[in-house]
Amino acid sequence: MDAPPVMTADAPIFEPGAFRLTAREAELTAKAREFGARVLAPRAARWDREAAFPTDNYRDMHAEGLLGICIPEEEGGLGADFRAYCLTAAELGRYCGATALTWNMHVCSTLWTGMLTDDLEMEPATRAEHLRRRRSHYDRILRKGAIYSQPFSEGGAAAAGAAAFGTTARRVPGGFVVNGKKIFASLAGHADQYGILCTETKEGEKASRRDTLYLAVPAGAPGVQVTGEWDPLGMRGTVSRTLLFEEVFVADDAALMPPGVYFQAATRWPHMFLTLSPTYVGLAHAAYDFTIRYLRGEQPGTPPVKRRMYPTKQIAVAQMRVMLEQTKTLWFQAITDAGPDPSKDQVMRALAAQHTVMENAAAIAALAVRTCGGQAMLKSLPLERIFRDSRCGALMLPWTAELCLDRLGRDSLYEKGEADP
Ligand SMILES: Cc1cc2nc3c(=O)[nH]c(=O)nc-3n(C[C@H](O)[C@H](O)[C@H](O)COP(=O)(O)OP(=O)(O)OC[C@H]3O[C@@H](n4cnc5c(N)ncnc54)[C@H](O)[C@@H]3O)c2cc1C
């Protein structure tokens, strides 16, 4: 059985006045907070316990218009831009990490094909065709509640951006034939379309990242198979199983971006890789909120025992607050910086923000468990799930915590083109 709805009126993660949010951002984040507390929070333990995909949440998110949050308004969506989306996703992540993370994969299919490609260069005819194609994808989402996923990991160096994708697309009349494998494919078996990144093979040419294609493969297409188990530490509701593609035909209109545009996006709009972080901003906040409620004796499901008078608890909460403020402030600036052709400083800030969010979410959750103690880490309460979910953030390619440090170190010491003799 689901837990009763969380009725607390949680304060916004980003106070609209203090952070000068736009009216649209204030409205979307308020909607997400209300929806998260009422709908997502009571169901979150179930998806986690059963490692089951949150299908009911997707049905309700469709009804609320949230599946089309980044679809432009003129196409029938809510028209959120990058920052408005990130702020809204952080609010949802507070209540169910797995839903917010999988929703991110879905939303990116519309954000990348929408606002992001609007900023990139294309021939007028190519753009006209892209607009026509994306409209058919948007239509499917808005009218039928279609869910898109975003599997790009393959277990090699491609997802880190260091090599061409091993999954291939061979041109044939009317479309492509896809072959390959994607690991950790969140929403596997539950999405209607798999938005895969793959390399277009060209006769006599070496595979190149410039030839990356972004194609929507219908889940029911012949040759698509979901394999493997899903029984991980955290983010269990993402159902990130393995996808196999064997001689799968995909029509031309399945293209989510024209050829060459994904490579342009990855190089000119690098903040696109920051979209995995909002979920973890939400989780960090949830761990902090839980600790405050618990120490004040106000956490539902626990006896009304106050523990706030102990100096050790106060110091731990102060440490959590310092980390939370550092995380939020840096992240807010990074999502505000997002746009085409950012400066080197802006890219480094985005990497620093991603690293900080992912590492601090896990650290704040660990501190919450230590501070609240044994009674707080029972499975009947959300903290232990938040603790496990938050541990997964640093592993997300292409901007894992390790790779962020790698790039930050190198880019701090070397300017473009510089090398040592
Ligand atoms: C809950 C969850 C959901 C996920 N959902 C999705 C999804 O929907 N779609 C998707 O595409 N992926 C998804 N992933 C996969 C994720 O992005 C990573 O691809 C996956 O965790 C990689 O695991 P690995 O051990 O194979 O990484 P490896 O490739 O073995 O890398 C291990 C570590 O080595 C480092 N590393 C990797 N490559 C390099 C390099 N070239 N140079 C230097 N260091 C490197 C990185 O820090 C990395 O963390 C998900 C992962 C999790 C945990």
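Order of appearance sets the numbers: ligands from 1, and atoms from 1 within every ligand.
Protein residues having a heavy atom under 4.0 Å from any atom of ligand 1 are Met105, Gln150, Pro151, Phe152, Ser153, Ala160, Ala162, Phe184, Ser186, Met235, Thr238, Ser240, Leu395, Met396, Leu397, Thr400, Glu402, Leu403, Asp406, listed by chain and number.
With salt bridges taken as basic N to acidic carboxylate O contacts below 4.0 Å, one links Asp56 and Arg46. Between Lys344 and Asp411 there is no salt bridge, since none of the side-chain N atoms of the basic residue sits less than 4.0 Å from a carboxylate O of the acidic one. With salt bridges taken as basic N to acidic carboxylate O contacts below 4.0 Å, one links Lys202 and Asp211.
Both tests do not hold together for Lys182 against Phe152: distance to the six-membered ring centre under 6.0 Å, angle to the ring axis within 45°.
With Thr302 contributing its side chain and Glu298 its backbone, the two residues share no donor-acceptor pair below 3.5 Å.
Ring geometry for His271 versus Trp269: interplanar angle over 60°, hence perpendicular rather than tilted (30 to 60°).
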